[in-house]
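One structure below.
One-based numbering along the sequence shown. These numbers come from a predicted model, not from an experiment. No hydrogens, no waters, no symmetry mates; every other heavy atom, side chains included, goes into these values.
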Amino acid sequence: MYFKNSISKVISTGTLALWALAVSAQNTDRYAPTVEPDRIVLNVTADPSTSMAVNWRTSDTVSESFAEIAVAEADPRFVSKAKKYKASTQKLVWEDTPAANYHSIIFDNLQPGTKYAYRVGGEGGWSEWIHFTTAGTSDQKLSFIYYGDVQVNISSLWSRVAREAYAKAPDARLAIYAGDLINKANRDAEWGDWFRGGGFIHSMIPAFPTPGNHDHFDTPEGINTTSVFWRPQFTLPENGPKGLEETCYYADVQEVRFISLNSDQVDVSEKWTQVQKEWLEGILKNNPNKWTVITFHHPIFSPKTTRDNKRMRETFKPLFDRYKVDLVLQGHDHTYARGMVNIPMTEKGAQSGTMYVVSVSGPKMTDSNIDRAAWIDRSAMYTQLFHVVNVEGEKLSFDTYTATGELYDAFDLVKQNGKINRIVERIPATATEEFPAEIVRFKPRAGNPVFKGTGDPKTWDEKIRERGYILREGNKYYMWYTGYTKAKGDSMKYLGLATSDDGLKWARHPKNPIHTTLWVEDMSVLKEGNTYYMFAESKNDIAHLLTSTDRIHWKDRGAIDIRLKNGSPLNKGPYGTPAIWKEKGIWYLFYERNDAAVWLATSKDLKTWTNVQDEPVLNAGPEKYDAFAVAFNKIIQYKGLYYAYYHASAFKDWREWTMNVAVSKDLVHWKKYAGNPIVGNDSSSGFPLFDGQQWRFYTMHPDVRVYFSEK
């Protein structure tokens with residue numbers, strides 16, 4: 001056996017207690033150490049088929065601790081065959097955290113693919129006997145688990161993810177943690193939550209953690225470094241660059257080379273960037289394994305429009321391309337996104353053979369600035385996820401599960417001689433049937449916006465706002481939009497018309513504004529026979545009906561009369577953003593009140609409208625992305641189902657909007673798409689339009705942008 005006792009890991013009594021006085025007070029009693037071992041965690045070694053590392057903690061009164069190990073047998077008398085070894089022990093004193101001794105050992109000379117039983121402890125008490133299985137040989141199937149950020153509410157809400165993952169992959173040979181294991185690097189109570197959240201699973205499936213920014217802190221000397229708890233409680237391979245021990249490392253497991261990079265140090269230091277670059281190139285160049293999986297915290301390509309880890313991308317992506325890295329697993333952005341087909345490449349005509357994944361396993365979710373960028377093939381928001389990866393021969397299978405154990409996404413990477421990996425999509429049938437990719441997955445046109453306000457305060461449409469509407473008739477596009485000037489914006493909003501031959505280049509109508517006697521915005525237009533019916537919001541958010549026979553001259557038919565189900569009038573107040581649908585002689589009008597929810601009323605004569613039910617058909621929330629505002633923009637029918645495209649806000653002050661979609665079989669009961677929002681970046685008031693060949697998606701506020709179907 002080999003016992004780890006690195007001087008660089010030892011934290012001397014009293015010295016570190018002087019550091020980081022800014023760290024907030026902790027609950028020192030909840031997870032106080034005792035004489036019995038706790039926080040038992042198995043860790044990968046450089047070769048987990050023949051060795052395994054384990055760490056645990058006791059109070060500082062336990063000066064020495066031991067580990068016993070034997071090949072596991074059904075006969076309980078196997079314990080008589082166990083060998084006992086003394087652990088390496090180090091003391092950690094940190095601020096008001098109770099002093100503790102951390103113990104570690106590396107079991108070596110183990111047999112591949114073998115189940116062992118071990119326990120840790122001593123005179124003060126022993127742990128239970130715990131099983132683990134060493135990694136197998138190169139010809140055997142390998143399973144592993146990948147978690148994005150854990151970070152907050154760990155014991156209460158992340159724990160369910162860990163248990164679902166263990167239920168799906170009990171034979172996993174390692175668990176990758178892509179950084180931000182906790183929220184505040186040096187809060188012992190949070191580490192206590194992490195160990196509690198994973199429970200016995202930590203002691204059975206070896207951890208492969210990479211540190212995130214929340215796992216680092218700044219010393220009083222201004223040095224950014226990993227948590228004082230990191231190295232005492234994890235024993236990881238020390239085969240990385242000197243100075244980045246146990247944060248930058250690799251392990252070879254059944255023909256897969258797993259590599260951890262410390263992206264937080266890349267973010268703060270050019271020195272550590274170059275050190276890691278040189279080290280990484282060396283272990284990629286001399287890699288005898290068939291597959292390569294790399295994990296780090298800060299994404300090469302971010303789903304957030306406000307984040308761009310340029311140094312990471314420019315430093316490491318060329319190496320990923322050159323040495324054909326297969327899978328890159330990241331965190332940081334608190335959402336799910338993965339992409340390979342549309343990854344930007346330096347060489348013209350080249351395609352990426354590397355799959356990039358960003359994920360989140362804990363309950364902290366991104367609130368804003370998420371957009372379905374061109375690089376993203378599949379995504380999800382406000383969904384706790386975990387991933388089970390299986391590698392066997394020439395195929396790597398990647399399955400994404402929700403916190404409730406449902407398969408959300410899946411794909412295979414298949415090795416091809418002399419070529420990049422072939423991807424085989426295995427998106428679950430339920431997802432593709434209810435929400436076909438061609439009507440929910442869109443990528444922005446490079447030349448956006450295609451239409452906007454003039455910017456000239458002397459014109460009536462210096463700016464445009466709210467929902468406009470586009471109809472395609474024959475080979476011509478007609479767009480009605482709302483214009484206003486900053487100076488007179490509160491007194492009148494005018495109606496304008498623009499036309500286009502391709503839906504991209506628009507010309508304003510020479511008679512604009514085409515309607516000046518009524519405030520008109522948030523319009524929804526339907527043509528019936530030779531008449532155009534425009535349902536629009538007027539001043540004070542009151543819905544009106546207008547009609548036209550030539551698209552240009554509109555007659556106001558007055559405010560829409562909506563009644564409750566019992567025939568009595570609506571309570572006073574706004575009822576706006578009308579969206580219209582008609583079938584079998586019945587008009588369906590969806591409207592919102594204060595953007596709090598969406599209601600549905602119907603009519604046969606366009607004179608009196610009656611609520612189908614007096615309760616909303618779509619409420620704001622409970623999802624965060626639409627927690628404070630919802631309003632329908634357009635209804636379409638596709639493959640036998642109805643789809644409502646609606647704009648929403650995650651903020652009480654409505655400072656940012658997103659586009660979303662819901663599905664229904666009857667226009668009354670709606671199910672929101674798990675991948676919402678489908679468009680972010682404060683682009684709203686949008687809807688799809690079929691151009692004769694494919695679906696497009698237009699957003700109308702604060703300017704007009706077009707997105708094309710990814711399929």
Side-chain angles (χ1 to χ4, degrees), residues 1-7 9-17 26-43 45 51-110 115-132 188-189 191-196 198-207 228-236:
M1 296 293 174
Y2 167 74
F3 305 119
K4 182 175 180 180
N5 188 5
S6 171
I7 296 298
K9 287 191 66 164
V10 176
I11 301 177
S12 59
T13 304
T15 56
L16 287 183
Q26 305 184 46
N27 181 343
T28 58
D29 298 325
R30 184 178 183 185
Y31 294 118
T34 68
V35 294
E36 294 188 0
D38 67 3
R39 301 189 182 182
I40 304 169
V41 58
L42 213 60
N43 307 283
T45 59
S51 59
M52 197 68 68
V54 62
N55 291 62
W56 65 99
R57 183 191 73 154
T58 64
S59 66
D60 65 338
T61 61
V62 179
S63 59
E64 60 180 12
S65 197
F66 302 88
E68 294 184 343
I69 187 170
V71 174
E73 299 176 14
D75 185 341
R77 291 175 292 179
F78 81 88
V79 298
S80 64
K81 304 175 186 178
K83 295 182 179 180
K84 183 178 180 180
Y85 302 95
K86 184 178 179 180
S88 173
T89 298
Q90 60 185 97
K91 186 174 184 178
L92 172 59
V93 177
W94 178 254
E95 294 191 332
D96 57 353
T97 303
N101 279 344
Y102 285 80
H103 313 280
S104 63
I105 195 169
I106 297 177
F107 299 119
D108 62 4
N109 297 320
L110 305 179
K115 180 171 287 188
Y116 286 88
Y118 76 99
R119 67 172 184 167
V120 298
E123 292 182 2
W126 287 87
S127 72
E128 70 273 32
W129 285 94
I130 306 166
H131 287 167
F132 72 81
D188 179 72
W191 285 114
D193 284 344
W194 188 84
F195 280 99
R196 181 187 180 197
F200 73 88
I201 301 168
H202 287 313
S203 65
M204 295 185 68
I205 298 179
V228 296
F229 293 93
W230 187 271
R231 300 198 69 194
Q233 69 191 11
F234 296 122
T235 294
L236 301 164

Q. What's the shortest heavy-atom distance between Ala67 and Trp56, and which atoms?
A. CB-CH2, 4.1 Å

Q. Do the non-hydrogen side-chain atoms of Met52 and Leu110 ever get within less than 4.5 Å of each other?
A. yes

Q) Would a distance-only check, ignoring hydrogens and angles, find a side-chain to backbone donor-acceptor pair under 3.5 Å from Asn43 to Phe234? A) no

Q) Where is the tightest heavy-atom contact between Tyr31 and Ala189, given as atom of each residue plus distance? A) CE1-O, 3.3 Å

Q | Pairs satisfying salt bridge (charged side-chain N to carboxylate O under 4.0 Å, His left out), at least one member in residues 120-132, at least two apart | A | none

Q: Search all heavy atoms of Val228 against all heavy atoms of Leu92 and return the closest pair with its distance.
A: O-CD2, 4.1 Å

Q) At what distance, to the nearest 0.5 angstrom, does CZ of Phe195 lie from CD1 of Ile201? A) 13.5 Å

**Q.** Residue list, side-chain contact (heavy atoms from CB on, under 4.5 Å) with Ala117, at least two apart or on another chain
**A.** Ala72, Phe78, Trp129, His131

Q) Can you check whether Thr89's main-chain N or O pairs, donor with acceptor, with Asn101's side chain at less than 3.5 Å? A) no

Q | Residues that Lys81 engages under side chain to side chain donor-acceptor pair (under 3.5 Å), provided they are two or more places apart | A | Glu73

Q: Name all pairs fulfilling the salt bridge (charged side-chain N to carboxylate O under 4.0 Å, His left out) condition that reach into residues 51-68, sequence neighbours left out, sorted by first residue then second.
A: Asp38-Arg57, Arg57-Asp188, Asp60-Lys91, Glu64-Lys86, Glu68-Arg119

**Q.** Qualifying residues under ring-ring contact (aromatic ring centres under 6.0 Å, His included), relative to Phe132, sequence neighbours excluded
**A.** Tyr116, Tyr118

**Q.** side chain to side chain donor-acceptor pair (under 3.5 Å) partners for Ser51, two or more places apart
**A.** Thr45

(Q) Show the nearest heavy-atom pair for residues Ser65 and Gly121, with the distance to one decimal. (A) OG-O, 3.2 Å

**Q.** With sequence neighbours excluded, residues passing side-chain contact (heavy atoms from CB on, under 4.5 Å) with Thr61
**A.** Val35, Ser59

Q) Can you tell if the side chain of Asn55 reaches within under 4.5 Å of the side chain of Ser104, non-hydrogen atoms only? A) yes

**Q.** Nearest heavy-atom neighbours spanning Pro37 and Ser127
**A.** CG-N, 3.8 Å

Q: Answer whether the closest heavy-atom distance between the side chains of Gln90 and Arg231 falls below 4.5 Å.
A: no

Q. Between Tyr102 and Thr235, is any pair of side-chain heavy atoms under 4.5 Å apart?
A. no

Q: Could you pull out all residues at least two apart from Trp194 that satisfy side chain to side chain donor-acceptor pair (under 3.5 Å)?
A: none

Q: Looking only at non-hydrogen atoms, find the nearest pair between Met204 and Leu42 and report the distance.
A: O-CD2, 3.6 Å

Q: State the CD1-CD1 distance between Ile69 and Ile130, to the nearest 0.5 angstrom.
A: 11.0 Å

Q. Between CD of Gln233 and NE2 of His202, what distance do you get to the nearest 0.5 Å?
A. 9.5 Å

Q.
Taking side chain to side chain donor-acceptor pair (under 3.5 Å) as the definition, give me every residue that meets it alongside Ser203, ordered by chain and number, with sequence neighbours left out.
A. none

